[in-house]
Each structure stands twice: as C-alpha cells, then as structure tokens.
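Contents: one structure, followed by commentary.
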Amino acid sequence: MTLHVTLPDGSPLELDDGATVYDAAAAIGPRLAKAAIAGRVTGASDGDPKLVDVTAPLHDGDTLAIVTLKADDPESLEVLRHTASHVMAQAVLRLWPGAKYSIGPAIENGFYYDFQLPEPIVESDLARIEAEMQKIVAEDHATVRAELPVDEALATFGKGPAGAAGPAGPQPFKVELIEDLVSAAEAAGEPVPTISVYSQGEFTDLCRGPHLPSTGRLGKGTYKLTSIAGAYWRGDERNAMLTRIYGTIFPSKEELAAYLEALEMARQRDHRRLGRDLDLFSFHDEGPGFPFFHPKGMRLWNAMIDFWRAEHVAAGYDEVRTPQILRRELWERSGHWDNYKDNMYFTQIDGNPYAVKPMNCPGGLLVYKSRRRSYRDLPMRVAEVGQVHRHEMSGVLHGLFRVRYFTQDDAHIYCTPDQLEDEVRGVLHFMLHIYAAFGFSDVKIELSTRPEKSIGSDEMWERAEGVLARVLESEEIAYQLNPGDGAFYGPKIDFHIRDVMGRTWQCGTIQADFAMPERLDISYTGADNEEHRPVMIHRALLGSIERFMGILLEHYGGNLPTWLAPVQVLVLPIADRHAAYARDVARLFCGAAEAVGMSGGAPVWVEVDDSSESLGKRIREGQLQKVPYILVVGDREQKDRTVSVRERGVDKGDAPLECVVTDVMDEIRERRLLAAP
RNA sequence: GCCGGCGUAGCUCAGUCGGUAGAGCAGCCGCCUUGUAAGCGGCAGGUCGACGGUUCGAAUCCGCCCGCCGGCUCCA
C-alpha cells in the first residue's frame with residue numbers, strides 16, 4: 001500500500017502507508033528530515049491547513065508542507081515557544097514538586113506559563129529554573145502525543161475514581177480545562193472529544209500541540225526567562241492569582257541577542273525617560289497619574305495643537321470650551337451615572353452633588369441647546385480640546401499612556417440622519433490625513449458594536465452600526481470587527497496607528513450616536529417647520545493629546561521632526577568674541593519667522609549657548625537634547641557671514657547664513673517629516 | 001484593585017554584621033576662550049519615601065501607609 005501527498009510546489013510524493021510527516025521529510029532529503037519540526041497538512045476533504053507533529057501519520061491525498069524553524073515563519077516560532085513553555089513548566093515542577101500548572105501559551109516574542117506555587121518566587125529563581133531547563137534540554141526527551149478518552153485524561157491529572165492521583169498528581173486547573181472542553185462540546189451538540197496530552201520525560205501536559213520532536217531541539221543560548229508577574233486564573237480578578245513566568249526564545253542565539261538589544265533600545269526611547277531628559281513633563285507623588293507639562297513640553301503640545309486647530313478650521317469645524325465640573329444630575333440624564341460612575345470623580349458645591357467630567361459630550365450638548373437650531377445650521381461640527389478626568393485603577397497608570405486626566409481632541413458633529421454617512425466618511429479621511437502629517441501611515445481600523453451596558457433602542461443601534469459598516473465598506477477599508485466593544489451610547493470605528501517599532505496604539509475614534517440627542521432632548525427645526533432629532537457623531541483624532549505625545553516621542557525616539565521640536569536651532573559661538581554674531585544669527589531666525597507669519601506668529605525656537613563650557617561639551621549637550629540644527633560660529637563664519645551646520649548629529653559644513661535660515665524655516669513651515677524616523 | 005519587585009542628593013548608583021551616609025553626572029563659584037559628543041579646580045546638596053515598632057543605637061530588622069516599575073490583553 002502506498003499513499004500520495006502533494007508538496008507545496010505541486011510535486012507529488014509517494015510514501016508507504018502509515019508514513020509520517022517525518023518520513024515525508026526524510027524522503028525529500030536527510031537535511032530536511034533533521035530540520036523538520038512540524039508539518040502543515042491540508043486533508044483531501046478539508047480546506048484549512050493544520051499544523052501537526054512530525055510524528056503525525058499522513059493520509060492519501062494530503063497536501064503537505066514541512067515546517068522548519070525560521071524567524072519569518074510565525075507558526076514555526078509558535079511551536080518553538082510552546083515547547084519552551086513546556087520545558088520551563090517541567091523545570092518548575094522539578095524545583096517545586098507541589099506546583100500546580102495551568103496554561104502556558106506562546107506569545108508574541110516569547111512564552112509564559114502560569115503556576116500556583118507552594119511559595120513565592122523571586123527574580124533570582126529564574127536562573128535556577130533556566131539551569132534546570134538546560135538539563136531537560138540536554139536529556140533530550142522526545143515529546144509524545146497521546147489521545148485519551150475524557151475519563152483517562154481526568155485521571156492523568158489527578159481526578160480519578162476514589163481520588164486516585166494520576167501520574168501528574170492532582171492538577172485542578174487541568175481538570176477544570178478538560179471539564180470545560182467537555183461541556184463546550186456538549187453545549188455545541190458535538191460529540192465529546194478525545195483529549196490530547198503531551199509527555200516529555202516525567203512531565204505530562206494537556207495540550208493541543210504540535211511540539212518540537214524533542215526537548216533537545218531548544219538551542220543553547222537561544223532562550224531566556226525574562227520576568228515574573230501575577231496573573232489571574234483565566235484573567236478574571238475574582239479567581240486565584242497565579243504566578244506567571246515569562247520567557248523568550250528564538251531560533252538562534254543571534255536572534256535572541258537582537259531581540260534583547262531591541263528591548264534595550266525600546267527602554268532608551270521610553271517616553272517617560274525622554275520626558276525627563278528633554279525636560280518636557282514630570283510626575284509627582286502629589287498627583288499620581290496627573291502629568292505636569294514643562295515649558296518645553298508645552299512647546300511640543302502647542303505645535304501639535306496649532307497644527308490641529310488650523311486643520312480643523314479648514315475642515316469646517318468651530319471650537320468650544322466647556323466646564324470641568326457639572327451637576328451630577330446632568331450625568332444622570334446623559335447615562336454616565338449608570339454606565340460610567342466607577343470611573344468618575346465626584347464633589348460637592350454648596351452641598352449639591354457635582355461630578356468632574358469624564359467626557360465632553362454632555363457639556364457640548366448644553367452648548368447646542370443654548371439656542372434653537374435650524375436644519376440650515378447642520379451639519380454643525382463643534383470641536384473641543386477638552387480635559388477629562390477618569391479614575392483608573394492605580395496599577396494601570398503608565399507615563400503619558402495611561403493617566404487620570406487627559407485632553408481629548410474631541411468634536412461633536414450634529415447632523416440630520418441623511419447627512420450622517422457623509423459626515424462619517426469625511427471624518428475618516430480627515431483622520432488619516434492628520435495621522436500622515438505626524439508620520440503615521442500604517443493605520444489599523446476596528447468596528448466595535450453594542451456592549452452589554454448601553455443606552456438606546458435596538459433599532460438605533462442597528463442603524464448606527466449599519467452606517468459605520470457601510471462607510472468602511474464603500475471606502476474599501478479593511479477592518480476588524482470587535483463585537484460588544486462599543487461606547488455605551490453608540491458603536492464606533494477605532495483607529496490604531498502602528499509606530500516604528502511595530503506596536504499599535506489606539507488613537508482615533510468615530511462614534512455614531514442616536515441615543516444622547518434623545519437623552520438630552522436636542523432638536524432642530526426642519527424645512528417643514530417641525531422639530532426633528534439630530535444625530536450626533538463623537539470623534540477624536542489623536543485621542544488623548546498626552547498619549548499621542550508619548551507615542552510621538554517613542555516613535556521618533558525623541559528626534560522629533562523639526563516642526564515639533566521644542567528647541568529647533570541651537571547656536572554655539574566658539575569663543576566669547578563670537579557671541580554677538582551668534583545672537584545675530586538667532587535674531588535672523590526670529591525675524592524670518594515673523595516675516596512669514598508662521599503659525600499665527602509662533603516663534604522659532606532658537607537658543608544661543610554662550611556658556612563658558614568647551615565647544616565639545618556644548619555640542620554634546622545639544623545632541624543629547626536632540627536639537628535638530630546646531631549652528632557653530634567662529635572667526636571664519638563671522639567673517640564670511642556663514643554658519644557651520646550640524647544637522648541631527650551630522651556635520652554638514654559651512655553654509656551661507658541666509659540660505660540656512662530659509663531652508664530651516666521652509667522645513668518647519670511645511671511640517672516636513674524626517675526621511676527615516 | 002490584585003500579584004511580584006523596588007524606593008539612599010535633581011539623575012544614575014555604592015553603603016559589609018544594626019554603630020545616624022558616599023561617588024559620578026547635573027547645580028553653584030572661579031579659572032580656561034575653546035573648531036564639532038564630557039577642559040580644570042573648588043563649593044554646596046540627604047528627616048536614607050511617610051508613620052509606627054524592636055533596640056543602648058535603625059538607611060539596615062518588623063508592621064502599616066504612600067509612590068514607582070513589571071504583569072494581570074495573547075488561553076490545552
């Protein structure tokens with residue numbers, strides 16, 4: 001008997017009956033057989049490829065791809081990391097025999113495993129665990145898959161007749177997982193599945209697989225345990241807190257080293273460090289989660305907002321400003337009291353209950369209601385750079401990324417139902433335009449629908465969700481559906497930008513809302529002289545100005561585009577006798593800025609450092625402060641009316657003063673981005 | 001909020017066995033007048049996060065509180 005499989009290039013392969021993935025690899029070549037870690041198999045009858053062990057038998061008609069370990073094959077990395085997590089668990093079980101193990105998946109860049117340990121462990125235990133892992137790797141245990149009926153699987157993990165502890169000892173988390181698999185199958189009306197388990201040496205784990213063929217396949221020096229953390233069983237804070245151990249592993253030592261180096265790079269461009277080093281903002285014990293912006297931070301802030309404001313005027317927006325604290329009764333009417341009060345701060349004025357605003361919309365609605373509105377006024381696009389306060393759990397605060405007060409670049413668009421779709425479309429394009437200006441062109445989009453806690457009728461929600469989906473589809477924009485993740489008053493389109501390090505950040509949002517206009521009873525007079533209910537769009541582009549600033553800082557590693565830099569030009573006189581000329585240079589920049597009326601007369605940020613430090617010292621200081629242009633002036637420059645240009649650390653030599661001023665001013669005015677951040 | 005770790009000068013960090021603190025950088029003063037990433041010298045700077053306890057004596061040991069860092073999203 002023979003069986004026939006097809007390889008990825010379409011070529012056929014004939015094998016003996018009962019041949020495995022490994023046999024197929026061996027039939028192709030001995031090197032491939034040695035390198036094979038799994039197979040990607042598509043059965044003759046089913047469509048999706050499945051990842052299987054090298055020991056898995058093949059069937060006639062299968063299409064097979066041999067998986068080898070490659071950094072650019074995410075599935076191969078997953079197999080590697082998943083096996084590493086099992087090896088780690090085995091090591092932990094050896095060191096702490098009473099440990100209960102729960103789950104241990106591969107994650108981006110590594111893996112973790114959650115344990116309930118008989119005693120707390122500390123960072124220094126990681127080295128012991130790594131040492132034990134090394135032994136297990138050296139022992140080179142084969143990973144053996146077994147398919148067990150449910151009762152046998154339960155017995156394996158210590159739940160058997162008369163409480164007999166199975167080979168793995170009592171493992172309550174595994175038992176719970178198996179029982180859940182059974183009840184999930186029953187609920188779906190499917191047959192009770194067999195349970196797959198993997199063993200390597202004395203260690204057995206409930207696992208879907210696949211795994212590396214043996215523990216010896218973890219390369220020496222390719223893995224490292226990175227941290228210990230608490231994690232709730234199944235991510236639910238009502239459950240037991242387990243100990244999670246994180247690790248990372250790569251196909252080669254070099255890739256691990258590169259990853260660790262990248263981590264260090266990320267640490268260097270952490271916005272919290274840059275905020276301090278560049279004197280942009282600070283945090284204080286007196287106000288945890290409440291950032292303080294310094295003068296240079298405000299320069300960056302204002303550069304962002306000046307641009308933002310000019311674009312909004314051009315896009316037909318007006319701007320309002322509403323109070324921080326409003327009567328609690330307003331928040332009860334808007335639905336925030338019922339849906340959001342856990343995140344709100346409350347206070348009293350003259351004995352009456354008030355709340356600090358967590359959102360700008362109710363205040364904005366009061367502005368709308370301050371006079372009668374006509375259909376001729378619509379659509380009304382009303383922006384608000386509004387500071388909101390939200391009570392976040394203390395453990396989640398993180399620099400500018402997660403704070404307790406922040407500033408939304410909010411806007412509310414009031415329109416007729418007929419105008420809604422066009423307005424959403426307009427905001428969508430506006431959003432992408434603004435991101436591009438800051439240097440973000442890779443944007444991920446999600447559509448979030450009705451959450452459990454919400455206001456408004458089913459019909460409203462259906463309409464609103466329909467409009468958002470329709471816009472995305474008509475614009476042919478790929479998006480991911482996020483069911484149940486909408487705001488309590490309406491569905492939303494969320495925008496995630498990807499930074500230079502590949503991380504994504506949620507920034508913008510567009511929310512269609514039929515509920516709030518009804519709640520706060522706003523209306524407009526139609527052409528028919530009747531009162532009608534407008535629809536409103538809530539939207540933010542940057543989301544939180546603070547957060548966006550943090551993202552910008554990390555994206556550019558502090559080397560901001562010149563138009564955003566808090567100090568744009570630094571002039572360094574070589575000796576005291578050049579100080580007057582240095583100040584002339586600075587004045588020329590300021591005069592030029594005034595002449596072109598930049599950003600409503602915003603100054604160019606030029607500084608002269610004529611301190612008595614050595615030139616090398618002052619250059620170093622300017623570089624550390626990430627000033628884009630350092631202009632050195634000495635006898636030669638003064639005589640020729642030139643400056644010696646050092647642009648972002650690169651000495652560009654002498655250039656005529658006027659030309660440099662014009663070039664730099666053009667770069668700022670055009671808000672030019674850097675070639676490569 | 002929960003789990004783990006941490007908290008010494010503005011920053012980065014030493015500080016042994018419990019005997020009341022030290023460096024570099026930054027700051028200030030002076031000298032140097034500088035040619036593309038740290039010139040030289042001096043001075044000053046600390047209720048050792050807060051409070052309570054143990055002790056003849058606490059930065060050090062114990063308790064509690066505050067803050068910071070990592071994680072709690074990735075699911076056999």
Side-chain angles (χ1 to χ4, degrees), chain A residues 78 81-82 85-86 89 101-114 116-117 120-125 153 157 171 173-178 180-181 184 193 195-198 204-209 211 226-246 267 270 272-273 276-277 279 282-289 342 391-399 572-579 610-625 630-637 644-647 649-654:
Chain A
E78 203 178 315
R81 289 169 178 163
H82 198 165
S85 93
H86 277 213
Y101 47 113
S102 64
I103 55 166
I107 56 174
E108 201 180 348
N109 295 321
F111 58 89
Y112 67 79
Y113 214 113
D114 286 350
Q116 192 169 56
L117 296 169
I121 63 168
V122 294
E123 298 273 332
S124 55
D125 289 321
F157 295 104
Q171 292 296 338
F173 301 112
K174 297 295 172 189
V175 168
E176 187 176 327
L177 289 169
I178 295 168
D180 280 7
L181 283 175
I195 305 296
S196 61
V197 301
Y198 277 79
T204 299
D205 199 0
L206 173 68
C207 186
R208 182 166 45 200
H211 278 286
T226 49
S227 63
I228 300 171
Y232 300 106
W233 167 233
R234 305 196 133 181
D236 189 329
E237 63 184 6
R238 289 164 302 191
N239 289 339
M241 174 70 73
L242 306 177
T243 302
R244 175 170 297 179
I245 304 175
Y246 282 95
R267 213 173 63 80
D270 187 313
R272 292 168 298 186
R273 167 191 283 259
R276 192 188 60 227
D277 292 351
D279 197 14
S282 57
F283 287 88
H284 303 272
D285 288 359
E286 289 81 353
D342 289 348
H391 180 255
E392 302 289 352
M393 290 198 292
S394 60
V396 305
L397 302 178
H398 183 98
L572 301 181
I574 285 173
D576 286 352
R577 62 181 180 279
H578 311 117
D610 59 357
S611 64
S612 65
E613 300 291 353
S614 68
L615 180 65
K617 177 69 176 291
R618 284 176 290 155
I619 286 173
R620 178 180 149 84
E621 193 49 37
Q623 290 295 149
L624 291 174
Q625 288 296 307
I630 296 176
L631 308 180
V632 176
V633 296
D635 291 331
R636 201 173 65 227
E637 288 78 11
S644 173
V645 180
R646 189 182 169 98
E647 184 183 348
V650 181
D651 192 345
K652 295 284 172 90
D654 284 13

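Per chain, numbering begins at 1; letters A, B, ... match sequence-line order.
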Within this structure, what is the [atom1]-to-[atom2] distance between [X] and [N], rounded to whole angstrom?
| X | N | atom1 | atom2 | value |
| --- | --- | --- | --- | --- |
| A/Arg618 | B/U34 | CZ | C1' | 7 Å |
| A/Asp114 | B/C72 | CG | P | 10 Å |
| A/Ile107 | B/C75 | CD1 | P | 10 Å |
| A/Leu397 | B/G70 | CG | P | 11 Å |
| A/Asp180 | B/A76 | CG | P | 12 Å |

I'd like to know if the side chain of A/Arg272 reaches the main chain of A/His398, judged simply by a donor and an acceptor atom lying under 3.5 Å from each other, with no hydrogens or angles considered.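 Side chain of A/Arg272 to backbone of A/His398, a donor-acceptor pair under 3.5 Å: no, none is there.
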Do any N or O atoms from the side chain of A/Gln625 and from the backbone of A/Asp277 form a donor-acceptor pair under 3.5 angstrom?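 At least one qualifying donor-acceptor pair exists.
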Got a salt bridge between A/Asp635 and A/Arg577, using NZ or NE/NH1/NH2 to carboxylate O under 4.0 Å?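 A salt bridge is present here (some side-chain N lies under 4.0 Å from a carboxylate O).
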For A/Leu181, answer base if it contacts any base atom (sugar-phosphate contacts may also be present), sugar-phosphate if it contacts only those atoms, and nothing otherwise; contact means non-hydrogen atoms under 4.0 Å.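 Base contact.
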Could you work out which one of B/A76, B/C11, B/G70 sits closest to the side chain of A/Arg276?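 Nearest listed nucleotide: B/C11.
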Go through B/U33, B/G70, B/A76 for me and flag the one nearest to the A/Leu206 side chain.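 From the listed options, B/A76 comes nearest.
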Range-with-range stems for RNA chain B, at least three Watson-Crick or G-U pairs under 3.5 Å: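 In RNA chain B, stems of three or more pairs: B:1-7 with B:66-72, B:10-13 with B:22-25, B:27-31 with B:39-43, B:51-53 with B:61-63.
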Any chance you could measure A/His211, atom NE2, to A/Glu78, atom CD, to the nearest 0.5 Å?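 Here the rounded value is 10.5 Å.
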Is a donor-acceptor pair below 3.5 Å formed from side chain A/Tyr232 to base B/G71, judging by atom type as modelled?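 Donor-acceptor pair under 3.5 Å: no.
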Counting only distance, no hydrogens or angles, is the base of B/G67 paired donor-acceptor with the side chain of A/Glu286 under 3.5 Å?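 There is none.
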Below 3.5 Å is the cut-off: list the nitrogen or oxygen pairs between protein and nucleotides 37-41 of chain B, distance only.
| unit_1 | atom_1 | unit_2 | atom_2 | d |
| --- | --- | --- | --- | --- |
| B/A37 | N7 | A/Arg646 | NH2 | 3.3 |
| B/A38 | N7 | A/Arg620 | NH1 | 3.3 |
| B/A38 | N6 | A/Arg620 | NH2 | 2.8 |
| B/A38 | N1 | A/Arg620 | NH2 | 3.1 |
| B/G39 | OP2 | A/Ser614 | OG | 2.4 |

Report yes if at least one side-chain N or O of A/Arg577 is closer than 4.0 Å to OP1 or OP2 of B/U34; otherwise report no.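 Affirmative; the distance criterion is met.
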Side-chain N or O of A/His578 closer than 4.0 Å to phosphate OP1/OP2 of B/G35: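 For B/G35, neither OP1 nor OP2 has a side-chain N or O of A/His578 closer than 4.0 Å.
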Scan nucleotides 3-5 of chain B against the protein and return all N/O pairs shorter than 3.5 Å with their distances rounded to 0.1 Å.
| unit_1 | atom_1 | unit_2 | atom_2 | d |
| --- | --- | --- | --- | --- |
| B/C3 | O2 | A/Gly230 | N | 3.1 |

